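Note sheet for the following structure.
In what follows, residues are counted from 1 in the order of the sequence shown. This structure is a prediction, so every number in the text was calculated from the model and none was measured.
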Amino acid sequence: MTPASDDPSTTETWSPRLWGTLVVLCAALFLDALDVSMVGVALPSIGSDLHLSTSALQWVVSGYVLGYGGLLLLGGRAADLLGRRRVFLIALGVFAAASLLGGLVDDGGLLIAARFLKGISAAFTAPAGLSIITTTFAEGPARNRALSIYTTCGASGFSLGLVLSGLLTSAGWRWTFLMPVPVALLALAAAFRLLPRQPVAARDGAGYDVAGAITGTGSLLLLVFTVTEAQSAGWASARTLGSLAAVAVLMTLFLVVESRTAHPLVRLGIFRNGGVARANIAAVAVFGSYAGFQFIATLYLQRLLGWSALEMALAFLPAGALVALSATKMGAVVDRFGTARLMPLGILALTAGYALFLRLDEHSGLVGLVLPSMVLLGIGFALAFPSVNIAATNGVSDDEQGLASGLVNTAFQVGSALVLAAATAVITAGSGGGQSPQAQLDGYRPALLFVTGVSLVGLVVTAVGWVLDARRDRSPDPAEEAAGTHRSDKVLVDS
């Protein structure tokens with residue numbers, strides 16, 4: 001990395017080019033996050049217009065998650081090996097083309113294919129964009145500031161996607177697919193001019209880890225596919241159990257390959273960095289619990305309370321607004337308090353928000369139930385989301401920043417898919433398939449307890465990390481302690 005004294009990213013005032021680079025990367029992440037949440041509100045209109053069954057309609061969402069979550073590790077490593085700028089530009093161009101295709105097709109199969117293609121493109125833009133930031137901005141205050149802005153843009157896109165979808169769907173569901181196209185094209189044009197050209201990591205003639213790419217990507221694709229299909233096939237069915245067994249075999253093969261190859265897709269030693277390991281566990285807890293909560297809250301507010309899609313989207317707006325307003329301030333907060341403190345504090349706020357929502361009943365309102373939880377979720381995301389991304393990439397060498405970025409993004413997406421599938425299963429089991437208000441509440445409450453428990457696991461893991469870091473900071477450095485002992489011995493001899 002460029003020495004801090006010569007690196008323009010370390011100065012308090014960034015150049016217009018640095019700001020432009022950050023804005024381009026933020027725009028791409030905003031679009032990725034927007035696409036995750038925006039299609040949900042439009043699903044009923046899509047199903048009616050294209051005559052899709054419920055099982056086919058779920059693949060409009062699941063197709064994106066499958067491509068995104070399954071290929072993130074490959075996307076992160078490709079950024080390291082092929083060049084982050086090149087991978088980012090190609091993937092963003094594919095994203096724009098797939099968005100245009102999705103907005104124009106009249107066939108459900110083509111729409112699902114377009115969504116899968118968008119998920120693949122996001123799997124390459126997300127780790128490439130994050131690793132461009134971590135290799136452009138020096139580790140410390142400059143990187144913390146850049147990452148706080150970047151990650152809060154992603155969180156804002158996820159929250160504001162609900163509101164935008166409600167507005168766009170009223171004009172026609174196709175606009176939810178077409179709206180990102182001009183934004184992606186503008187970002188692509190700016191990226192050609194602004195993104196820095198960085199050296200590609202040397203491979204020493206070793207080639208790519210083909211076996212690792214096949215087993216690792218295959219296991220993740222099959223895992224995401226299995227959990228999204230388990231609801232229709234049955235969690236105890238031979239198909240689901242067989243798929244999970246195949247996932248276990250592929251993952252075991254992947255670990256064996258990675259431990260033996262000279263240039264692995266995922267260097268397993270990266271998890272010896274305790275901060276990186278805990279950040280990835282926190283990523284699963286943060287995004288998984290929120291995805292489950294959003295699904296439960298959406299069903300509760302629309303089905304049980306009868307809110308419109310736009311009313312529900314506006315109810316989520318306070319959380320997104322808090323995250324967006326904190327974007328430029330979080331870097332300084334991270335510098336002052338550190339990620340080890342902010343991760344558990346943020347997850348504590350998220351856990352409290354979920355726990356408060358357990359008071360739901362047939363007559364709950366915005367002020368009494370929804371607003372307090374949304375305020376806590378906004379605070380929690382504002383603290384936890386940037387901290388997780390910063391902790392997941394700190395202490396990692398430049399040539400593995402794509403890997404670190406791919407790992408944390410994989411944790412976000414796979415955690416989301418797993419927790420959402422499990423929460424859905426809990427709802428179905430609790431309600432017994434009944435549609436009465438009481439039957440629905442009997443499904444929502446245990447699902448909320450499950451989501452709260454997932455968040456609590458993340459809280460415990462990150463709190464342990466906070467304690468360990470505090471103990472490490474209080475412990476004397478062995479070299480300094482030895483030097484102090486030698487000095488004391490010399491004083492005694494001289495006296």
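In this structure, the side chain of Thr136 does not engage the main chain of Ile133 through any donor-acceptor pair within 3.5 Å. A donor-acceptor pair is defined here as one N or O able to donate and one able to accept, closer than 3.5 Å; no such pair exists between the side chain of Arg84 and the backbone of Ala78. A donor-acceptor pair under 3.5 Å is absent between the side-chain atoms of Glu258 and the main chain of Arg267, judged by distance alone. Judged by distance alone, with hydrogens and angles left aside, the side-chain atoms of Arg85 form no donor-acceptor pair with the main-chain N or O of Ala128 at under 3.5 Å. A donor-acceptor pair is defined here as one N or O able to donate and one able to accept, closer than 3.5 Å; no such pair exists between the side chain of Arg239 and the backbone of Ala233. Not a single donor-acceptor pair under 3.5 Å links the side chain of Asn280 to the backbone N or O of Ala411. Checked by atom type and distance alone, the side chain of Ser219 never pairs as donor or acceptor with a backbone atom of Met251 at under 3.5 Å.
A distance of 4.5 Å separates OH in Tyr444 from CG in Leu299, rounded to the nearest 0.5 Å. Atom CG of Leu147 is separated from atom OG1 of Thr393 by 5.0 Å, given to the nearest 0.5 angstrom. In this structure, OG1 on Thr125 lies 12.5 Å from CD1 on Ile90, to the nearest 0.5 angstrom. Atom CG of Leu448 and atom CZ of Arg359 lie 12.0 Å apart (nearest 0.5 Å). The CG atom of Asp32 sits 12.5 Å away from atom SG of Cys153, with the distance rounded to the nearest 0.5 Å. The distance from atom CG of Leu356 to atom OG of Ser373, rounded to the nearest 0.5 Å, is 5.0 Å.
Pairing each heavy atom of Ala79 with each of Ser131, the nearest pair is CB-OG, 4.4 Å. In plain terms, the two heavy atoms of Lys118 and Ala98 that are nearest each other are CG-CB, 3.2 Å. Here the closest heavy-atom approach between residue Pro196 and residue Thr21 is recorded as CD-CG2, 4.0 Å. Closest approach of Ala297 and Phe316 over heavy atoms only: CB-CZ, 3.8 Å. Here the closest heavy-atom approach between residue Leu130 and residue Ser405 is recorded as CG-OG, 3.4 Å. Annotation for Ala282 and Val388: closest pair CB-CG2, 3.9 Å, computed over non-hydrogen atoms.
Phe357 and Phe293 have their aromatic ring centers within a separation under 6.0 angstrom.
Note: Tyr68 and Tyr64 have perpendicular aromatic rings, judged against thresholds of 30 and 60 degrees for the angle between ring planes. Classification of the Phe381-Phe385 ring pair by plane angle, with boundaries at 30° and 60°, yields tilted.
Side chain to side chain, Asp442 and Gln438 meet the donor-acceptor criterion of an N or O pair below 3.5 Å.
Counting only heavy atoms from C-beta outward, the side chains of Leu50 and Leu111 approach each other to under 4.5 Å. Contact check for Val24 versus Phe88: side-chain heavy atoms found under the 4.5 Å cut-off. Within the 4.5 Å cutoff, no side-chain heavy atoms of Thr134 are placed close to those of Tyr150. Within the 4.5 Å cutoff, side-chain heavy atoms of Leu304 are placed close to those of Leu441. Phe295 has its side chain out of reach of Val451: every pair of non-hydrogen atoms, C-beta onward, lies at least 4.5 Å apart. Side-chain contact between Ser99 and Leu178 is absent, with no heavy atoms from C-beta onward closer than 4.5 Å. Put simply, the side chain of Leu72 does not reach to within 4.5 Å of the side chain of Val414, judged on heavy atoms. Two residues are said to be in side-chain contact when any heavy atoms from C-beta on lie closer than 4.5 Å; Met179 and Leu34 meet this criterion.
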Practice item. Test Phe177 against Leu104 for side-chain contact (heavy atoms from CB on, under 4.5 Å), laying out the working first. Key: CA-CA 9 Å; Phe177 292 87; Leu104 298 178; over 6 Å; no

Practice item. Check the pair Cys26, Leu22 against side-chain contact (heavy atoms from CB on, under 4.5 Å), reporting the backbone distance first and the verdict last. Key: CA-CA 6 Å; Cys26 285; Leu22 185 59; 4.1 Å; yes

Exercise for review: Kindly indicate, with the supporting measurements, whether the criterion side chain to side chain donor-acceptor pair (under 3.5 Å) is fulfilled by Tyr354 and Ser289.
Suggested key: CA-CA 9 Å; Tyr354 304 144; Ser289 63; 3.1 Å; yes

Review point. Given the rule in the side-chain contact (heavy atoms from CB on, under 4.5 Å) test, do Leu301 and Val370 qualify, once you have shown the distances and angles that lead to the verdict?
Key: CA-CA 9 Å; Leu301 295 175; Val370 180; 4.0 Å; yes

Practice item. Could you go through the side chain to side chain donor-acceptor pair (under 3.5 Å) check for Ser364 and Tyr300 one step at a time? Key: CA-CA 10 Å; Ser364 298; Tyr300 168 69; 3.1 Å; yes

**Study point:** Audit row: Thr240, Ser237, side chain to side chain donor-acceptor pair (under 3.5 Å) steps and yes/no
**Key:** CA-CA 5 Å; Thr240 300; Ser237 67; 3.1 Å; yes

Exercise for review: For Val457 and Val284, run side-chain contact (heavy atoms from CB on, under 4.5 Å): C-alpha distance rounded to whole Å, both residues' side-chain angles, the deciding distance at 0.1 Å, then the answer.
Suggested key: CA-CA 10 Å; Val457 170; Val284 172; over 6 Å; no

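Around CH2 of Trp175, the count of heavy atoms belonging to other residues, nucleotides or ligands within 6.0 Å does not exceed 12.
For the pair Arg174 and Asp106, the salt-bridge criterion is met [side-chain N within less than 4.0 Å of a carboxylate O].
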